[in-house]
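Lettering of chains follows the sequences in order, A, B, ..., and the numbering in each one begins at 1.
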2 protein chains.
Amino acid sequence: MSGPRPFANALEMLRSAGLRPTRQRLALARLLFDKADRHVTAEQLHGEAVSAAVPVSLATVYNTLHQFIGAGLLREVVVNPGRSYFDTNVSDHHHFFLEESGRLVDIPGDRIDVSNVPLPPAGTAIRRVDVIIRVERDED
Amino acid sequence: MSGPRPFANALEMLRSAGLRPTRQRLALARLLFDKADRHVTAEQLHGEAVSAAVPVSLATVYNTLHQFIGAGLLREVVVNPGRSYFDTNVSDHHHFFLEESGRLVDIPGDRIDVSNVPLPPAGTAIRRVDVIIRVERDED
DNA sequence: TCAATAGATTAGACAAATTCTAAAGAAGCG
DNA sequence: CGCTTCTTTAGAATTTGTCTAATCTATTGA
Ligand SMILES: [Mn+2]
Ligand SMILES: [Mn+2]
Ligand SMILES: [Zn+2]
Ligand SMILES: [Zn+2]
């Protein structure tokens, strides 16, 4: 269903990223990647770690999330002012955003076409295209 | 070039929105709408007002921006965590975002095609589609 | 095996953006 | 003018995220 995970285990993943496999990073990597793709906030992930009896500070959660982004293991999604989501799906894709619940739902990159894009401003090159489809509860 | 402004003056605009034309709201409306379309932060607009010797607090700037959004005179653009842009262009359009400078550049809605969009999650309806094209300085 | 060292974690202070509160001021209306 | 409602405001509070400096730990190689 979802493609094979690129890393057999968290240890190998951290090694490949050049990050020491500490207790905290191993635990966070497992929470993030051992299940299906997810969109979590830093607070949520910290809460999960604490619930799983993993001693880790919020500062380390932020440090680790940013290191994982730097290693290409995560990406950041900004849909709301004042709070970031961290996305374990790093393939080319877009999002539905359900404003009432704050949930993000993936849209595979090949399920949406963005075409006829004008040239970027002089001296700049496109780094990424983000499509956010904001949805609301339907009046039934 | 840009279509005719829907309101001859700030006073009429506020009246139509059902907002009392106070000194602060009149001044902010003129700063926002008397020139070409713009993307400003609350701090920027407050700075402009203070420079123009308009006595207004930052709290009132935020109040007014949100009232203008409620009246459909402005929209909010979120591209970065921790800071919002307020966009005086409320027509259907998208954005280039220049990360180095923090500038937003409009892309007219008819200059970009988003097609083949999947159905939104059950029980939801599309409210808005935002395309953010993130660009970076080109290596020359 | 065991220091030495570089890198990691942490508590708590700090910062930035925004919202809230409650009191004082101004607009609309008769 | 006087009453009522809406608006503004200073400053406190809140939220999200970053920084600092002290402590801890993984790695390495003698
Ligand atoms: Mn995955
Ligand atoms: Mn305009
Ligand atoms: Zn995603
Ligand atoms: Zn715009």
Side-chain angles (χ1 to χ4, degrees), chain A residues 10-31 39-50 52-71 73-87 102, chain B residues 10-29 31 39-50 52-71 73-87 102 104:
Chain A
L11 188 67
E12 186 189 343
M13 183 174 101
L14 291 175
R15 289 244 165 80
S16 299
L19 296 168
R20 286 189 183 173
T22 64
R23 182 174 315 281
Q24 288 81 358
R25 290 208 273 233
L26 282 166
L28 294 176
R30 291 195 189 104
L31 287 171
H39 307 94
V40 284
T41 66
E43 294 271 358
Q44 273 172 27
L45 182 61
H46 182 245
E48 290 180 17
V50 167
V54 176
V56 62
S57 70
L58 188 55
T60 293
V61 170
Y62 277 108
N63 289 342
T64 302
L65 288 170
H66 289 144
Q67 290 152 356
F68 285 5
I69 287 174
L73 300 170
L74 281 183
R75 64 185 249 197
E76 194 171 358
V77 181
V78 181
V79 286
N80 249 358
R83 166 170 268 145
S84 278
Y85 290 83
F86 297 89
D87 189 345
Chain B
L11 189 66
E12 187 190 342
M13 183 174 102
L14 291 175
R15 289 244 165 80
S16 299
L19 295 168
R20 286 187 184 173
T22 64
R23 183 175 314 284
Q24 288 82 357
R25 291 207 272 233
L26 281 166
L28 294 175
L31 287 171
H39 306 95
V40 285
T41 66
E43 293 271 358
Q44 273 171 27
L45 183 61
H46 182 244
E48 290 179 18
V50 168
V54 176
V56 63
S57 70
L58 188 56
T60 293
V61 171
Y62 277 107
N63 289 342
T64 303
L65 288 169
H66 290 144
Q67 290 152 356
F68 285 6
I69 288 173
L73 300 169
L74 281 182
R75 64 185 248 198
E76 193 171 359
V77 181
V78 181
V79 286
N80 250 358
R83 166 170 268 147
S84 277
Y85 291 84
F86 297 88
D87 189 345
L104 283 168

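Residues passing the side chain to side chain contact (heavy atoms under 4.5 Å, CB included) test with B:S57, sequence neighbours excluded: B:A59, B:T60. Shown here are the side chain to side chain donor-acceptor pair (under 3.5 Å) partners of A:Q24, two or more places apart in sequence or in another chain: there are none. In terms of the salt bridge (charged side-chain N to carboxylate O under 4.0 Å, His left out) criterion, A:E76 has no residue partners (sequence neighbours excluded).
One N or O on the side chain of A:R25 and one on the backbone of A:R20 form a donor-acceptor pair closer than 3.5 Å.
Bracketed by its first and final contacts, the part of DNA chain C lying under 4.0 Å from non-hydrogen atoms of chain A reaches from C:dA6 to C:dA11 in 5' to 3' order. Here the range on DNA chain D touched by chain B, meaning any atom under 4.0 Å from one of its heavy atoms, is D:dT5 to D:dA10.
Take the nearest nucleotide of DNA chain C for A:P81 and for A:L58: the residue whose nucleotide is more 5' is A:L58. Position along DNA chain C of the nearest nucleotide to B:Y62 versus A:P55 favours A:P55 as the more 5'-ward residue.
In this structure the side chain of A:E43 reaches within 4.5 angstrom of the side chain of A:L58, judged on heavy atoms. The side-chain heavy atoms of B:L14 and B:F68, taken from C-beta on, include a pair separated by under 4.5 Å. The side-chain heavy atoms of B:T41 and B:Y85, taken from C-beta on, include a pair separated by under 4.5 Å.
Within a heavy-atom distance below 4.0 Å of DNA chain C, the residues of residues 18-28 of chain B found are B:R20, B:P21.
At a threshold of 4.0 angstrom between heavy atoms, the contacts of A:T41 with the nucleic acid are absent. No contact: B:H46 has no heavy atom under 4.0 Å from any strand.
Across every non-hydrogen atom of A:L11 and A:P21, the tightest pair is CD1-CB, 3.4 Å.
Atom OG1 of B:T22 is separated from atom CG of B:L28 by 8.0 Å, given to the nearest 0.5 angstrom.
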Steps toward side-chain contact (heavy atoms from CB on, under 4.5 Å) verdict (B:V77, B:L104)
CA-CA 9 Å; B:V77 181; B:L104 283 168; 4.0 Å; yes
